[in-house]
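One structure is given below, encoded as structure tokens.
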Amino acid sequence: MVEKAVSAPTYRSLLLKLYWLNPDNEYKELSTGTGFLVHHEFQDYLITNRHVLSGRDTSGKYLSSHGVAPTHVRIMHNSNWKLGEYTELEEPLFDDDDVDQLRPRWLEHPRGFKVDVVALPLTQDGEDFKNQIVRHRYELPDPTAARPYLRPSDTVHIVGFPFGLASHGSFAIWTKGSMASEPELSYGDAPRFLVDARTREGQSGSPVIVHFSANTPPMMFTDNSMRSHIVEHSYLLGVYSGRVNKVSDIGIVWKASIVATILEKKRRHPLPAEDDYTDALIPTL
């Protein structure tokens with residue numbers, strides 16, 4: 001069976017295509033990104049970066065050269081028929097009944113646009129869609145459970161779609177990196193850490209993981225045990241958010257605890273006014 005021969009993170013990451021619906025009712029593709037699914041209180045959520053869905057950074061600059069923001073996202077879900085094939089489903093980014101105000105559907109952190117992670121509740125939940133797609137989700141870390149004891153230089157992986165490319169069908173591409181800061185500390189006075197990896201546009205929103213295969217040596221865990229895995233297993237560390245600048249290979253990862261906070265608080269915010277934007281926390285792509 002193909003599924004057994006493919007590592008789960010390869011198909012857990014989902015390719016995102018961002019579109020703008022113009023006044024003439026024509027769709028224009030603006031960009032691509034990466035996301036992944038989590039389940040919380042009977043609802044599936046797409047986790048990705050805020051700048052991926054909003055199309056703007058914290059200074060208010062549009063990320064598309066067209067000077068517009070996305071109105072819809074198309075998610076390349078895993079097909080229910082064959083692993084590696086995909087079914088493209090569209091999700092609106094704004095409330096249908098509030099087009100003039102453009103109230104985003106995604107959930108944000110209480111700090112709003114200064115935290116570059118959002119959770120978009122999926123609307124395509126009907127039986128027709130469930131017959132077309134299968135959802136492979138990540139589990140959020142249990143804060144009480146032992147986890148890999150990471151130190152600077154330890155290996156991590158960023159699993160996504162650089163330049164919107166897939167490795168095969170809907171399968172993601174793995175980028176190997178290393179911890180570039182102390183994971184228990186915060187970078188820039190926010191729950192983030194740094195990695196050293198050659199990432200590119202399109203990988204924003206990727207899950208950052210520690211992955212164990214049968215070939216991975218035993219590793220120290222936070223309960224002082226040494227563990228290995230005969231069956232492949234991944235530990236979600238956070239959400240990749242882009243490089244600190246365009247010439248650096250140092251990238252920013254928002255810790256997975258941010259996702260848990262967003263889902264627990266369930267905050268929706270209006271789009272920031274132009275005066276609200278500041279050069280704050282979101283890095284350069």
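Here the structure is a predicted model, which means the values were calculated and not measured. Count residues from 1 along the sequence.
Atom OH of Y138 has more than 12 neighbouring heavy atoms from other residues, nucleotides or ligands inside a 6.0 Å radius. Within a 6.0 Å sphere centred on NZ of K176, other residues, nucleotides and ligands contribute 12 heavy atoms or fewer. The neighbour count for E139 CD, taken as heavy atoms of other residues, nucleotides or ligands under 6.0 Å away, does not exceed 12.
D223 contributes atom CG, which lies 4.5 Å from atom CZ of R227 (distance to the nearest 0.5 angstrom).
Checked against ring-ring contact (aromatic ring centres under 6.0 Å, His included), H157 has the following partners two or more places apart in sequence or in another chain: W174. Listed by chain and residue number, P110, K265, H269 satisfy the side-chain contact (heavy atoms from CB on, under 4.5 Å) test with R267 (two or more places apart in sequence, or in another chain).
Salt bridge R50/E108: present, at least one basic N to carboxylate O contact under 4.0 Å. Under the 4.0 Å criterion applied to side-chain N and carboxylate O atoms, R137 and D44 are assigned as salt-bridge partners. Residues E184 and R147 are paired through a salt bridge, judged by an N-O separation under 4.0 Å between the basic side chain and the carboxylate.
The distance between the ring centers of Y27 and H72 falls below 6.0 angstrom.
P121 and R105 get closest at one heavy-atom pair: O-NH2, 2.7 Å. Heavy atoms only, all atoms of each residue included: R200 and P162 are closest at CB-CB, 4.3 Å. Among all heavy-atom pairs drawn from A69 and S54, the shortest one is CB-O, 3.3 Å. Counting all heavy atoms, side chain and backbone alike, D154 lies closest to Y149 at OD2-O, 3.8 Å. When all heavy atoms are compared, the tightest approach of H51 to S204 is NE2-OG, 3.2 Å.
In this structure, H168 and F171 have tilted ring planes: the angle between them lies in the 30° to 60° band. Between Y235 and F221, the ring planes are perpendicular. Angles over 60° get that label, and only those under 30° would be called parallel.
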Contacts table for residues 28-38: side-chain donor-acceptor under 3.5 angstrom, sequence neighbours left out:
from	atom 1	to	atom 2	distance (Å)
E29	OE1	Y19	OH	3.3
T34	OG1	F161	N	3.2
T34	OG1	G202	O	2.7

Problem set entry | I75 vs L122, side-chain contact (heavy atoms from CB on, under 4.5 Å): CA-CA, chis, key distance, verdict | CA-CA 10 Å; I75 306 170; L122 299 185; 3.9 Å; yes

